[in-house]
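Some notes on the structure that comes next.
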Number of protein chains: 2
Amino acid sequence: MAKLWSPLVENLEPYVPGEQPKVKNLIKLNTNENPYPPSPKVNEVVSEDEIAALRLYPDPDSSRLKQTIASYHGIQKDQVFVGNGSDEVLAHSFVAFFKQGSAIQFPKVSYSFYPVYANLFEIETNTKGLKKDFSVDVDAFTQPNGGVIFPNPNAPTGICLPLSDIRRLLAENTESVVIIDEAYIDFGGESAVSLIDEFKNLLVIQTLSKSRSLAGLRIGFAMGNANLIEALDRVKNSFNSYPLDRLAEVAAVASFEDETYFKSCCDSIIDTREWTVEQLLNKGFDVLPSKTNFVFAKPNHDSAKNVFNRLRSNDVLVRYFDKPGLNDYLRISIGTPKEMETFIQVLNAL
Amino acid sequence: MAKLWSPLVENLEPYVPGEQPKVKNLIKLNTNENPYPPSPKVNEVVSEDEIAALRLYPDPDSSRLKQTIASYHGIQKDQVFVGNGSDEVLAHSFVAFFKQGSAIQFPKVSYSFYPVYANLFEIETNTKGLKKDFSVDVDAFTQPNGGVIFPNPNAPTGICLPLSDIRRLLAENTESVVIIDEAYIDFGGESAVSLIDEFKNLLVIQTLSKSRSLAGLRIGFAMGNANLIEALDRVKNSFNSYPLDRLAEVAAVASFEDETYFKSCCDSIIDTREWTVEQLLNKGFDVLPSKTNFVFAKPNHDSAKNVFNRLRSNDVLVRYFDKPGLNDYLRISIGTPKEMETFIQVLNAL
């Protein structure tokens, strides 16, 4: 029967997302979701009129959202691309820029979807180890390549490079597209979007899933030179005319229009993160410096796998990666202060 | 700058969807949207609680929706795949089944996105002319091929093949996947879903955009042998873990749970279509027999292009395809009875 499949399908190794458990009353610190609901303005715009209008197709260009993002970031509308979650934006970017013939480069430890896209789109890859302090080694990315991509802050380490490092890489690597995947940038990092006018080969990808509490609506976007955006639009318009639905578009616009709520959620998460880091350090964990809504921490009295399992049996779900180089650590999303207090209490009781 | 693009991007010829005009008070009969709002049950399920829950990722497997569709169609859950509109389902199907080495076959006149996907995924194509009566010639699809795809009912003709023709094709063509794209099946055609247990190479694709008034939410699905669905899942999970957002999933389930509303909308549209056909015939148009929510009709006193432009300047928007073989016709979506009366009045006044 497999003969009916395209040959490449046999060789795919699909991405496995963090578990979405059906159990209630679990403290869910495993998929870096925001513990706070989206802006109340999202509630307001998802109105009966909008629902009645669902009979109509969305704007295929998502013009209103593109303009909103452009204004928010002080760039032009034709420097913005939007998609059905940053995963779709990443996928289209691989097709638009990385099907070049030479291998693309990314860190050995980073978002584990990158090798999956490369496999799907038949793109060669060349991974580079992290530095000893777990940070991304940008100087390793300057040999000729078919493209460079890495998250900043990186996942699952949480470590953020300063803009000066990104600039140094861009100054050295001018012949291929460099994608900075900023899913977690709003929790204390500095965005590379300020560099898109200077470097025509820079694409910055962000998402509304983490800092804007809209993981459930699937909205991601890319910012870069209009020429790069044109390539993305060509791919998108050869794949799905309307990737973003009507409710996602109005909700996303509403979220960008509520800066106060956005800042206050991000600030709360940063405060809770710092409190959590302190508690973990006090308990003898090694904790990498995080600029994200999670911490990557290594227990020193027991194996990470054991701690993961014992947390799980106490209704606290964190993420454990059973991979060399990562399997000493746990990735712990930052929840509400109350959730993190319970998490620390459960740890204390183990 | 184009050197930063993947070479294939230069050669893409993106799909151009029907215009989504910003002008108000237009009678919009150009994109086959449903004139009625979605089921009132959709309103109920898009609740404040659901909006608060948008901070969480959706179920990556959309299990509840898959189970709902399976129950509705009397099949198993592992025979169902869902995606972000049937366009995404089609795109993944091209990757999963049609990247085979030999050319895929589809009618010369059919959904104009098929050659666009083939171009994006570097798949060879072999198109077959329609029969003299504009119906799909299934007997032309029985030579060795890398796959077969066509809409039933076909677009933009509106003509539906009987199930006996689909069965004849499947009996002859057993070595490649046959995709029946049933976007318009609920307006009077007979679905091939009843054949999926018998023919392991049959994939049936449907959408909630037309008959269920949810074009704005982007929900499509495929039904076929579990082996075919596994291939689609492998591609989907290598592209985007969560293509369907939380609101889309609950709305889709609610729509399937309101059979009375669904039937009554479909029946109204069918009645209005038959009335419209009669009026157009009375005015001397040639009208192809439609089992869809649109009619494909040829004016005989003036060119289709002129009629299109004159309707447009009278605030009635229909679809005109400026392509040989189609450019004598107009594709007119079926609106409310009042909209269609106005349309006929405007035609009379021209």
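We name chains A, B, ... by the order of the sequence lines, and we start the count at 1 in each one.
Heavy atoms of other residues, nucleotides or ligands lying less than 6.0 angstrom from CD of A/Glu48 number 12 at most. Within 6.0 Å of CD in B/Glu13 there are 12 or fewer heavy atoms belonging to other residues, nucleotides or ligands. Residue A/Glu124 places its CD atom among 12 or fewer non-hydrogen atoms of other residues, nucleotides or ligands, all under 6.0 Å distant.
Under a 3.5 Å cut-off, the side chain of A/Lys200 and the backbone N or O of A/Asp197 do form a donor-acceptor pair.
Ranked by heavy-atom pairs under 4.5 Å with chain A, the list B/Asn43, B/Asp87, B/Asn84, B/Val116 is led by B/Asn84. Contact count against chain B (heavy-atom pairs under 4.5 Å) is highest for A/Leu217 among A/Val95, A/Asn34, A/Leu214, A/Leu217. Chain B forms the most heavy-atom pairs under 4.5 Å with one residue out of A/Glu230, A/Glu50, A/Glu249, A/Arg212, and that residue is A/Glu230. Comparing B/Pro37, B/Ala251, B/Gly85, B/Pro14 by heavy-atom pairs within less than 4.5 Å of chain A, the highest count is held by B/Pro14. Contacts with chain A were tallied for B/Ala52, B/Ser241, B/Pro40; B/Ser241 has the most, counting heavy-atom pairs under 4.5 Å. Put simply, of B/Lys236, B/Glu88, B/Arg246, B/Arg234, the one with the most heavy-atom pairs under 4.5 Å next to chain A is B/Arg234. Ranked by heavy-atom pairs under 4.5 Å with chain B, the list A/Leu120, A/Asp61, A/Leu247 is led by A/Leu120. Your options are A/Val9, A/Leu208, A/Leu8, and the one with the most heavy-atom pairs under 4.5 Å with chain B is A/Val9. Each of B/Arg55, B/Lys210, B/Arg218 has some count of heavy-atom pairs under 4.5 Å with chain A, and the biggest count is that of B/Arg55. Interface check for chain B: of the options A/Phe94, A/Phe121, A/Phe113, A/Tyr36, the most heavy-atom pairs under 4.5 Å are formed by A/Phe113. Here B/Leu56 is the residue among B/Val177, B/Leu56, B/Leu244 with the most heavy-atom pairs under 4.5 Å with chain A. Heavy-atom pairs under 4.5 Å with chain B were tallied for A/Gly216, A/Ala91, A/Ser209; the largest tally goes to A/Gly216.
Contact annotation for B/Phe97: both backbone and side-chain heavy atoms come within less than 4.5 Å of a heavy atom of chain A. In this structure, the portion of A/Phe98 lying under 4.5 Å from any heavy atom of chain B is its backbone and not its side chain. Heavy-atom distances place no part of A/Glu44 under 4.5 Å from chain B, backbone and side chain included.
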Determine, stepwise, if the pair A/Glu33 / A/Thr31 fulfils side-chain hydrogen bond (donor to acceptor under 3.5 Å, both in side chains). CA-CA 6 Å; A/Glu33 288 151 331; A/Thr31 47; 2.8 Å; yes
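Of all non-hydrogen atoms in A/Gly224 and A/Ile229, the two that sit nearest each other are O-CG1, 3.7 Å. For the residue pair A/Asn11 and A/Asn119, the shortest heavy atom distance occurs at O-ND2, 3.1 Å.
The aromatic rings of A/Tyr111 and A/Tyr114 stand perpendicular to each other, their planes meeting at an angle above 60°, with 30° marking the opposite boundary.
Using a 4.0 Å cut-off between charged nitrogen and carboxylate oxygen, B/Lys3 and A/Glu175 count as a salt-bridge pair.
Checked against the 6.0 Å centroid criterion, the rings of A/His92 and B/Phe239 qualify as a close aromatic pair.
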